[in-house]
Amino acid sequence: MPEFAIVIPTFNERGNVRTITRAVASALEGMDFELIFVDDDSPDGTASEVLELSRTDPRVRLVHRIRRRGLSSAVIEGMMATNAPYVAVMDGDMQHDETVLPAMFRKLRRDGVDVVVGTRHCAGGSMGEFPSERVKLSQWGRRLSALVCHADVSDPMSGFFAVRREYLEEVVRNLSCVGFKILVDLLASATRPVHVEEVGYVFRNRACGETKLDLQVGFEYLELLLDKLLGGWIPVRYALFGMVGAAGVVAQLALMRLLLFFGQVTFDTAQIISSLLVIGLNFAANNRITFRQRRLRGWSWLSGLAAFAVACSLGLYLNLRVADGLFGMGVQWPLASLAGILIASVWNYSMGAILVWRINRPRRWVPAVAVPVLPIEPMPLASQPDPGVVGS
């Protein structure tokens with residue numbers, strides 16, 4: 001059993017596979033380790049490259065995930081696929097400095113240390129040539145993470161860290177597995193203070209390939225924070241749906257004011273126009289934020305908008321009927337109105353998830369690039385056995 005495992009989640013990183021393998025092997029020379037690539041079925045053939053490499057290097061393993069996406073869940077699957085007592089995580093784009101892995105390993109072996117973080121914000125660490133706007137976003141993320149983390153960490157947004165297996169087993173069932181910031185998830189899932197050590201490193205420029213950071217990463221980070229703050233009592237997707245709906249209420253009130261005072265229309269006309277516009281705005285926002293992983297495009301967007309409008313119209317009818325019925329029974333109007341809104345929001349969310357964005361219905365996935373099937377050559381009896389592949 002290797003003493004140290006390094007988990008590398010990948011998506012379209014074929015060009016970096018052999019480079020990072022050589023770099024890690026050089027940094028950990030003389031140590032008993034294994035390198036676990038967790039690939040989300042990359043269209044560029046990353047899994048095939050790792051599989052070919054594993055046939056000549058028994059320290060390399062592949063976890064090939066089918067119909068699953070997400071860095072956090074990939075990292076957890078990779079960590080749970082090894083028996084090593086100490087596990088490190090790093091990106092597959094060569095931006096993390098593999099030469100500090102031995103220092104992280106030594107710190108992790110000390111008594112009581114749960115997590116060792118590779119940080120860009122302590123002695124020996126630097127953001128490198130990071131753009132100033134990215135630095136500011138990282139700083140904001142660090143401040144927000146303090147709301148949920150059970151440790152004082154200078155760089156909770158880091159994707160470069162190592163954990164003791166005992167700590168992983170302690171928190172793994174409480175993980176949200178949302179988004180890219182798995183370290184925040186690990187630190188926020190503990191029920192006790194976490195003993196963290198840090199090692200500084202200089203963040204490097206990407207060697208090849210394209211960055212995965214975009215607006216969706218920000219939404220997923222918000223989703224992770226909400227999940228930890230809500231403690232699992234309210235589904236995060238429903239909370240996002242409610243936030244979009246609340247913003248829609250504010251938008252409708254503003255539109256009503258504009259139409260009544262500047263558009264010179266009747267109240268009923270203003271109500272109809274503003275309601276239709278806000279339904280469209282809510283659909284677009286939910287398509288981009290709440291259900292971004294099932295985002296509709298093209299003609300599907302138009303048909304989805306129509307279905308969403310019908311569902312929301314029925315939701316409005318339920319809202320009015322419930323509120324009017326409770327008010328007629330003597331319930332105070334704020335409570336009656338709130339009950340109607342709550343019933344309507346649950347209806348709209350359920351119908352949107354089932355009929356519009358079709359949650360839990362698999363979609364056919366077609367790879368952008370044909371991935372060649374590598375021939376399997378017979379292995380001599382005296383050679384070391386193939387480390388194998390952990391399938392989906």
Side-chain angles (χ1 to χ4, degrees), residues 214-216 218-223 225-227 229-230 234-359:
D214 55 16
L215 189 61
Q216 179 172 323
F219 289 141
E220 290 181 347
Y221 185 59
L222 174 62
E223 189 174 344
L225 294 179
L226 281 174
D227 187 47
L229 289 171
L230 295 174
I234 300 175
V236 178
R237 189 178 283 138
Y238 176 71
L240 291 174
F241 189 87
M243 292 171 64
V244 169
V249 171
V250 175
Q252 183 165 359
L253 292 175
L255 286 170
M256 285 284 294
R257 181 174 179 82
L258 288 174
L259 291 170
L260 289 174
F261 288 91
F262 300 103
Q264 297 182 348
V265 297
T266 64
F267 179 84
D268 290 341
T269 302
Q271 184 80 357
I272 293 173
I273 293 174
S274 62
S275 296
L276 291 175
L277 289 174
V278 168
I279 286 175
L281 289 173
N282 279 355
F283 171 78
N286 281 307
N287 190 55
R288 188 67 178 85
I289 300 173
T290 309
F291 300 98
R292 60 190 178 278
Q293 294 178 343
R294 308 284 295 186
R295 190 183 310 167
L296 303 177
R297 295 178 174 86
W299 289 107
S300 297
W301 193 94
L302 293 176
S303 60
L305 173 60
F308 187 75
V310 172
C312 288
S313 298
L314 294 175
L316 178 60
Y317 175 77
L318 287 174
N319 182 349
L320 297 176
R321 294 294 296 174
V322 170
D324 184 62
L326 291 176
F327 184 69
M329 295 169 59
V331 177
Q332 295 182 350
W333 72 264
L335 293 178
S337 179
L338 181 61
I341 292 173
L342 181 60
I343 293 296
S345 69
V346 172
W347 166 269
N348 291 341
Y349 171 76
S350 301
M351 292 300 100
I354 296 171
L355 300 179
V356 180
W357 287 278
R358 301 190 177 191
I359 298 299

Close side-chain approach of N282 and F308, heavy atoms under 4.5 Å: yes

Answer whether the closest heavy-atom distance between the side chains of L255 and I273 falls below 4.5 Å. no

Between CG of L305 and SG of C312, what distance do you get to the nearest 0.5 Å? 9.5 Å

What closest approach, in Å, do A339 and L326 show between heavy atoms, and which atom pair accounts for it? CB-CD1, 3.4 Å

Nearest heavy-atom pair of R294 and N287: which atoms, and what distance? O-OD1, 4.5 Å

CZ of F291 to CG of N286: how many Å apart, nearest 0.5 Å? 6.0 Å

4.5 Å side-chain heavy-atom contact, F283 and V356: yes

Compare every heavy atom of N319 with every heavy atom of A344, then report the nearest pair and how far apart it is. CB-CB, 3.8 Å

Looking only at heavy atoms, the pair that brings V244 and A285 closest together is CG1-CB, 3.7 Å

Looking only at non-hydrogen atoms, find the nearest pair between T290 and F241 and report the distance. OG1-N, 3.7 Å

According to the side chain to side chain donor-acceptor pair (under 3.5 Å) rule, which pairs have a member within residues 339-353, sequence neighbours left out? Y238-S345

